[in-house]
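All remarks here apply to the structure that follows.
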Amino acid sequence: MIEIIKKTTERAMLVALITKDADKHLVEEHLSELAELSLTAGAETILKIIQQKYSADPAFYVGKGKAEEMKQLIEMNDINIVIFDDDLSPVQVRNLEKLFERKIVDRSGLILDIFALRAKTKEAKTQVELAQLQYMLPRLTRAWTHLSKQYGGIGTKGPGETQIETDRRTIRYRINLLKEKLDKIESQRLTQSSSRKDFLKISLVGYTNAGKSTLFNLLTKANVFAEDKLFATLDSTTRALNLGKNQKLLLSDTVGFIRKLPPHLVASFKSTLNEVREADIILHVIDLSHHYFEDHILVVEDTLKELNCEKKTRLKIFNKADAVEEKAKIDYVRNKYKDALVISAKRGINITGLKDRLLKSTEETFVEEEIDLEITNSKAAAAVHSLAEVLDKKYDENSIHITYKTNKENSEKIKKIVYGG
Ligand SMILES: Nc1nc2c(ncn2[C@@H]2O[C@H](COP(=O)(O)OP(=O)(O)OP(=O)(O)O)[C@@H](O)[C@H]2O)c(=O)[nH]1
Ligand SMILES: [Mg+2]
């Protein structure tokens, strides 16, 4: 047997601040998450630096003295990349780069790198490139050598002002091009989705690594890539879901969320996240075995708000119950989140319970009904067409028989128009 060990080439130092009212343990957790992100991007964490400081230093992020201390550690430990848990200003990046003579990466930059590594489809690649360029644009300074290197420049000296202006123009031009490309992809998607109007759409959302793809594969017998790494999934996949009754259901798996997801990324992943926005029911998958699962819940809820999805029917699914050691934790969750379901996608625990609940939710959300209307009652017929998906129409001499499907709310509206009251 030959064991292949993936070699990580970069040796990273991670840096975070504990500012005025930040919780020390939470900052440590954020650094562990950063270490996982770094590993996903191909960098091994050698050192973690946490500084307690009232607020970030505008010039060096950490204090000047700390920065000098770090420089020594960098040299002693052969560090070649320094990763910050926050976003840095162009000035901070410039100063740190000059002092450390190493690559400086901030949280958004790191997440963007991972997305770039993971993107497979044309759509995901276009979305990531757009987000990267938008992130890069305000950071083009004299210290920014990336583009000049691409153009064949050598050394660590940054480009001159004229070069920066040319780079900016090139980037802006490319940004517009990518936006047009994405608009086209989005309009294709809209055509596709309107042909699926008679399906009830269910979307899996959750913090990255919560087990969405594992659950998706289990429920749909699909074969989506699931892995114990952050952001295993970047593209959305949709499959028919069979819950035993003759309903037309579609289930989508999509990109995971994370704390401080760069805003450009959320904006440029608009079309991928359309699956979530168009969903009738949102299944929020939570990794219950994670110590900070409740922080993850809040991050996901905030992101759903950003996507204007907070009013949709939502079901919380607490996953990885098999990996939870304390029974008290499960009791706590059952008590606090009354509607919650506790499952294990990996071990197939309580999947029948989940399916039953899902069926109930779909029945509460969608109904199929039939109605007889006098042929002259055009007002009612118009109401049915605008409020429901018409599945079938049969005409008699004087009446029309319509079979339609709609959500509960619209069903009541239709009945009010037809029967009055
Ligand atoms: N112990 C345990 N592990 C699980 C369970 N469900 C998923 N996992 C593991 O958790 C890891 C992440 O699973 P994924 O399904 O890729 O998670 P995801 O939410 O799709 O992650 P991203 O696509 O990266 O956002 C994998 O190693 C899974 O095997 C579970 O019920 N119990
Ligand atoms: Mg996934």
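For ligands, and for the atoms within them, numbers begin at 1 and follow the listed sequence.
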Is it the case that over 12 heavy atoms from other parts of the model lie below 6.0 angstrom from the CD atom of Glu326? yes
Does a side-chain N-to-carboxylate-O contact under 4.0 Å join Arg174 and Glu129? yes
Are a donor atom and an acceptor atom from the side chains of Asn209 and Asp228 found within less than 3.5 Å of each other? yes
So do the side chains of Leu304 and Val276 get within less than 4.5 Å of each other, counting heavy atoms only? yes
Look only at interatomic distance and state if Ala323 has a nitrogen or oxygen under 3.5 Å from any nitrogen or oxygen of ligand 1. no
Taking side chain as C-beta onward, heavy atoms only, is Glu294 less than 4.5 Å from Tyr337? yes
List ligand 1 atoms under 4.0 Å from Ser213, heavy atoms only on the residue side. 15 (O), 18 (P), 20 (O)
Within a distance under 4.0 Å of any heavy atom of Gly256, pick out the atoms of ligand 1 and give their elements. 25 (O)
Is any side-chain N of the basic residue among Lys305 and Glu301 closer than 4.0 Å to the acidic one's carboxylate O? no
Please identify which atoms of ligand 1 are closer than 4.0 Å to at least one heavy atom of Ser344. 30 (C), 31 (O), 32 (N)
Where does the angle between the aromatic ring planes of Phe318 and Phe293 fall among parallel (under 30°), tilted (30 to 60°) and perpendicular (over 60°)? perpendicular
Please check whether Ala321 reaches ligand 1 - meaning an N/O of the residue sits under 3.5 Å from an N/O of the ligand, judged on distance alone. no
For Val266 against Leu273, the heavy-atom pair lying closest together: O-CD1, 4.1 Å
Between Asp228 and ligand 1, which part of the residue brings a heavy atom under 4.0 Å of the ligand: side chain, backbone, both or neither? both
Before accepting this row, confirm whether a basic side-chain N of the pair Asp85/Arg259 lies closer than 4.0 Å to the acidic partner's carboxylate O. yes
Are the side chains of Ile81 and Arg102 in contact, using a 4.5 Å heavy-atom criterion? no
Lys/Arg-Asp/Glu bridge criterion (N-O < 4.0 Å) met for Lys415, Glu412: no
Could you check if a side-chain atom of Thr45 sits within less than 4.5 angstrom of a side-chain atom of Leu34, using non-hydrogen atoms only? no
For atom 14 (P) of ligand 1, closest protein heavy-atom neighbour: Thr214 OG1, 3.6 Å
Got Val82 and Leu96 here, is their nearest side-chain heavy-atom distance under 4.5 Å? no
Any nitrogen or oxygen of Lys346, side chain or backbone, less than 3.5 Å from one on ligand 1? yes
Tell me: protein heavy atom nearest atom 24 (O) of ligand 1, and distance? Ala232 N, 2.7 Å
Please indicate whether any nitrogen or oxygen in Val255 is less than 3.5 Å from any nitrogen or oxygen in ligand 1. no
Salt-bridged, Asp253 to Arg239, with N to O below 4.0 Å? no
With a 4.0 Å cut-off on N to O distance, would you call Lys260 and Glu33 a salt bridge? no
Around atom 21 (O) of ligand 1, find the nearest protein heavy atom and jot down its residue, atom name and distance. Asn209 N, 3.0 Å
Among protein heavy atoms, which sits nearest to atom 32 (N) of ligand 1, and what does the distance come to when rounded to 0.1 Å? Asp322 OD1, 2.7 Å
Of all the atoms in ligand 1, which lie at a distance below 4.0 Å from a heavy atom belonging to Thr208? 22 (P), 24 (O), 25 (O)
Considering only protein heavy atoms, which is closest to atom 8 (N) of ligand 1, and at what distance to one decimal place? Lys320 CE, 3.7 Å
Decide whether the shortest distance between a heavy atom of Glu227 and an atom of ligand 1 is less than 4.0 Å. yes
So is there a nitrogen or oxygen of Gly211 less than 3.5 Å from a nitrogen or oxygen in ligand 1? yes
Under 4.0 Å from a heavy atom of Ala226: give me the atoms of ligand 1 that qualify, with their elements. 14 (P), 15 (O), 16 (O)
Say whether Phe231, considering both its backbone and side-chain N or O atoms, lies within less than 3.5 Å of an N or O atom on ligand 1. yes
Are Glu75 and Lys71 ion-paired here, with the side-chain N under 4.0 Å from a carboxylate O? yes
Judged by non-hydrogen atoms, does Gly206 sit under 4.0 Å from ligand 1? no
Partner of Phe231 by ring pair (Phe, Tyr, Trp, His ring centres under 6.0 Å), out of Phe257, Tyr207, Phe115: Phe115
I need the nearest protein heavy-atom contact for atom 6 (N) of ligand 1: residue, atom name and distance, please. Asn319 ND2, 3.2 Å
Under 2.8 Å from the Mg ion (ligand 2) - protein N/O/S, by chain and number: Ser213 OG, Thr233 OG1
Any N or O of Lys212 closer than 3.5 Å to N or O of ligand 1: yes
Applying a heavy-atom cut-off of 4.0 Å, say which part of Thr233 lies close to ligand 1: side chain, backbone, both or neither. both
